[in-house]
Engineer: 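Below is a structure I'd like to ask you about.
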Amino acid sequence: MGLLRIMMPPKLQLLAVVAFAVAMLFLENQIQKLEESRAKLERAIARHEVREIEQRHTMDGPRQDAALDEEEDIVIIYNRVPKTASTSFTNIAYDLCAKNRYHVLHINTTKNNPVMSLQDQVRFVKNITTWNEMKPGFYHGHISYLDFAKFGVKKKPIYINVIRDPIERLVSYYYFLRFGDDYRPGLRRRKQGDKKTFDECVAEGGSDCAPEKLWLQIPFFCGHSSECWNVGSRWAMDQAKYNLVNEYFLVGVTEELEDFIMLLEAALPRFFRGATDLYRTGKKSHLRKTTEKKLPTKQTIAKLQQSDIWKMENEFYEFALEQFQFIRAHAVREKDGDLYILAQNFFYEKIYPKSN
């Protein structure tokens, strides 16, 4: 090239340089146009993919809702009262969920507060009613009753619960705070180190065994109204009774837990198929027992029973027990010492029109 340049006249050399420069500019311009075209094509492809995804979501949404048949579109809420054998019962749900194909979700509130803020109530209702991936769903947690109808929900969840003799529940909770249970024996409890018995606490008028501590099962069934948590409120008890009868599918008692499970299996086999046998034979169902618990004396019980608060909580417990036994009496029969579920005992009869 150097030899060629020497031999070329100066004017031709200048033209060659100019031509080379023009060619390079042309090539750069073409490359830039190609880059711009490629970028435009990539953006167009990206926009197309986004629109495709959006269309799929729009189209799939109604299809998914429609595909969720009646048997799958079920949510059960077990707003469990502390120290009522709730862990024993919940373990059965965990053991059965894979076999019976449903989801179990624990509702864990900050500091175990049973009352939710208004904004959390809205979030909670929306989550449970629209979270189709978690249906059928079994939700459990120490939360007070929440009326889904207040939030415009048409298909409400199925509420179930278990309650316990008020004094027995308080005694169990008193020792649980001090000694824990055999479920998590290594966990340090809030009152660990306090060796005072329940009898001694009542005799000394202690705060942990005061009659006010009995006020728990009524507010759990009453709900999120302020009056529900007003200790000794007659309105709260009446509301709790109303909710128990009208808003709960079934409420059992700790003392008759097996019968409660049997009724659930008969009525809601989608969730509880196999529950009765599991409770009778499984180890997990009997797992949680409060350690170091000492039964109170008759004198201690008599002193607590003088309280108006105990009278109201006990009235609610007796009301729940009567309702449960009424349901059980119309659902099971006893034969040779064993209970069995009644078969369907209603039938349809075809009515023929009168012939003229």
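In this chain, numbering begins with 1 at the start of the sequence shown. Not measured: the values here are computed from a predicted model.
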Engineer: Are K213 and Y173 in a cation-pi setup, meaning NZ or CZ lies under 6.0 angstrom from the ring centre and within 45 degrees of the ring axis?
Structural biologist: no

Engineer: Take V253 and E256 through the side-chain contact (heavy atoms from CB on, under 4.5 Å) test and state the conclusion after the steps.
Structural biologist: CA-CA 5 Å; V253 294; E256 298 175 13; 3.8 Å; yes

Engineer: CD of E349: more than 12 outside heavy atoms within 6.0 angstrom?
Structural biologist: no

Engineer: Quiz question: by atom type and distance under 3.5 Å, do the side chains of T90 and T87 form a donor-acceptor pair?
Structural biologist: no

Engineer: Could you list the residues that satisfy ring pair (Phe, Tyr, Trp, His ring centres under 6.0 Å) with Y145, not counting sequence neighbours?
Structural biologist: Y159, Y248

Engineer: Restricting to non-hydrogen atoms, name the atom on R270 and the atom on Y102 that form the minimum distance, rounded to 0.1 Å.
Structural biologist: O-CD2, 4.2 Å

Engineer: Here's one to test your reading of the geometry: is the NZ or CZ of K156 within 45 degrees of the ring axis of F148 and under 6.0 Å from its centre?
Structural biologist: no

Engineer: Please give me the minimum heavy-atom distance between A267 and F249, naming the atom from each residue.
Structural biologist: CB-CZ, 3.7 Å

Engineer: For A275 and I92, which heavy atoms make the closest approach, and how far apart are they?
Structural biologist: CB-CG2, 3.9 Å

Engineer: Is it true that atom CH2 of W235 has more than 12 heavy atoms of other residues, nucleotides or ligands lying nearer than 6.0 Å?
Structural biologist: yes

Engineer: Would you say the side-chain atoms of S307 pair up with the backbone N or O of I309, donor to acceptor, closer than 3.5 Å?
Structural biologist: yes

Engineer: Indicate, with yes or no, if V245 and M312 share a hydrophobic cluster defined by side-chain heavy-atom contacts under 4.5 Å among Ile, Leu, Val, Met, Phe, Trp and Tyr.
Structural biologist: yes

Engineer: Pair L264, L250 - check side-chain contact (heavy atoms from CB on, under 4.5 Å), show working.
Structural biologist: CA-CA 8 Å; L264 284 177; L250 183 66; 3.9 Å; yes

Engineer: Ignoring hydrogens, what is the shortest heavy-atom contact between T129 and K135? Give both atom names and the distance.
Structural biologist: O-NZ, 2.9 Å

Engineer: So does E322 have more than 12 non-hydrogen atoms from other groups sitting under 6.0 Å from CD?
Structural biologist: no

Engineer: Given the rule that I, L, V, M, F, W and Y join up when any side-chain heavy atoms are under 4.5 Å apart, are Y242 and I77 in one cluster?
Structural biologist: no

Engineer: Should E313 and R169 count as an ion pair when the cut-off is N to O under 4.0 Å?
Structural biologist: no

Engineer: Assess, by modelled atom type and distance only, whether the side chains of K311 and N314 contain a donor and an acceptor separated by less than 3.5 Å.
Structural biologist: no

Engineer: Say whether, by atom type as modelled, one donor and one acceptor occur between the side chain of D165 and the main chain of E168 under 3.5 angstrom.
Structural biologist: yes

Engineer: So, are D120 and R123 salt-bridged, with charged N and O less than 4.0 Å apart?
Structural biologist: yes

Engineer: Distance under 6.0 Å and angle within 45° of the ring axis: does R178 meet both against Y174?
Structural biologist: yes

Engineer: Measure from the ring center of H140 to the ring center of Y94 and say whether it is less than 6.0 Å.
Structural biologist: yes

Engineer: Can any side-chain N or O of T300 pair as donor or acceptor with the backbone N or O of P296 at less than 3.5 Å?
Structural biologist: no

Engineer: Assign the ring pair F138 / F271 to parallel, tilted or perpendicular, where the plane angle (0 to 90°) is split at 30° and 60°.
Structural biologist: tilted

Engineer: Relative to the ring of F346, is the ring of Y348 parallel (under 30°), tilted (30 to 60°) or perpendicular (over 60°)?
Structural biologist: perpendicular

Engineer: Would the number of heavy atoms belonging to other residues, nucleotides or ligands and lying under 6.0 Å from CG of L342 be above 12?
Structural biologist: yes

Engineer: Does L263 reach the side chain of F272, with side-chain heavy atoms less than 4.5 Å apart?
Structural biologist: no

Engineer: Just by modelled atom types, is the R333 backbone N or O under 3.5 Å from a matching donor or acceptor in the R328 side chain?
Structural biologist: no

Engineer: Atom NZ of residue position K298 - does it have more than 12 heavy atoms of other residues, nucleotides or ligands inside 6.0 Å?
Structural biologist: no

Engineer: Can a donor-acceptor pair be found, under 3.5 Å and without considering hydrogens, that links the side chain of W310 to the backbone of E212?
Structural biologist: no

Engineer: Does N79 use its side chain to pair, donor to acceptor, with the backbone of I143 at less than 3.5 Å?
Structural biologist: yes

Engineer: Are V162 and L257 packed together at the side-chain level, in the sense that at least one heavy-atom pair is separated by less than 4.5 angstrom?
Structural biologist: yes

Engineer: Can a salt bridge be assigned to the pair R273 and E265 using a cut-off of 4.0 Å between side-chain N and carboxylate O?
Structural biologist: no

Engineer: May I ask you to check whether R164 and T84 show a side-chain donor-acceptor distance below 3.5 Å?
Structural biologist: no

Engineer: I'd like to know whether L96 forms a side-chain contact (heavy atoms from CB on, under 4.5 Å) with L278, so could you lay out the CA-CA distance, the side-chain angles of the two residues, the decisive distance to 0.1 Å, and finally the verdict.
Structural biologist: CA-CA 9 Å; L96 290 174; L278 183 62; 4.0 Å; yes

Engineer: Which class fits the ring pair H142 and F220: parallel under 30°, tilted 30 to 60°, perpendicular over 60°?
Structural biologist: perpendicular

Engineer: What heavy-atom pair brings T297 and D199 nearest, and what distance separates the two atoms?
Structural biologist: N-OD1, 3.1 Å

Engineer: Do the side chains of K195 and E200 get close enough for a salt bridge, i.e. N-O under 4.0 angstrom?
Structural biologist: no

Engineer: Using side-chain heavy atoms (C-beta onward) and a distance below 4.5 Å, is Q323 in contact with L244?
Structural biologist: yes

Engineer: Answer with yes or no after comparing the ring centroid distance for F316 and F221 against a 6.0 Å cut-off, counting only values under it.
Structural biologist: yes

Engineer: When you look at F324 and F260, which way does the side-chain contact (heavy atoms from CB on, under 4.5 Å) test go after all the steps?
Structural biologist: CA-CA 8 Å; F324 175 72; F260 171 72; 4.1 Å; yes

Engineer: Can you check whether P219's main-chain N or O pairs, donor with acceptor, with S144's side chain at less than 3.5 Å?
Structural biologist: no

Engineer: Could you tell me whether the side chain of Q121 and the main chain of M116 form a donor-acceptor pair under 3.5 Å?
Structural biologist: yes

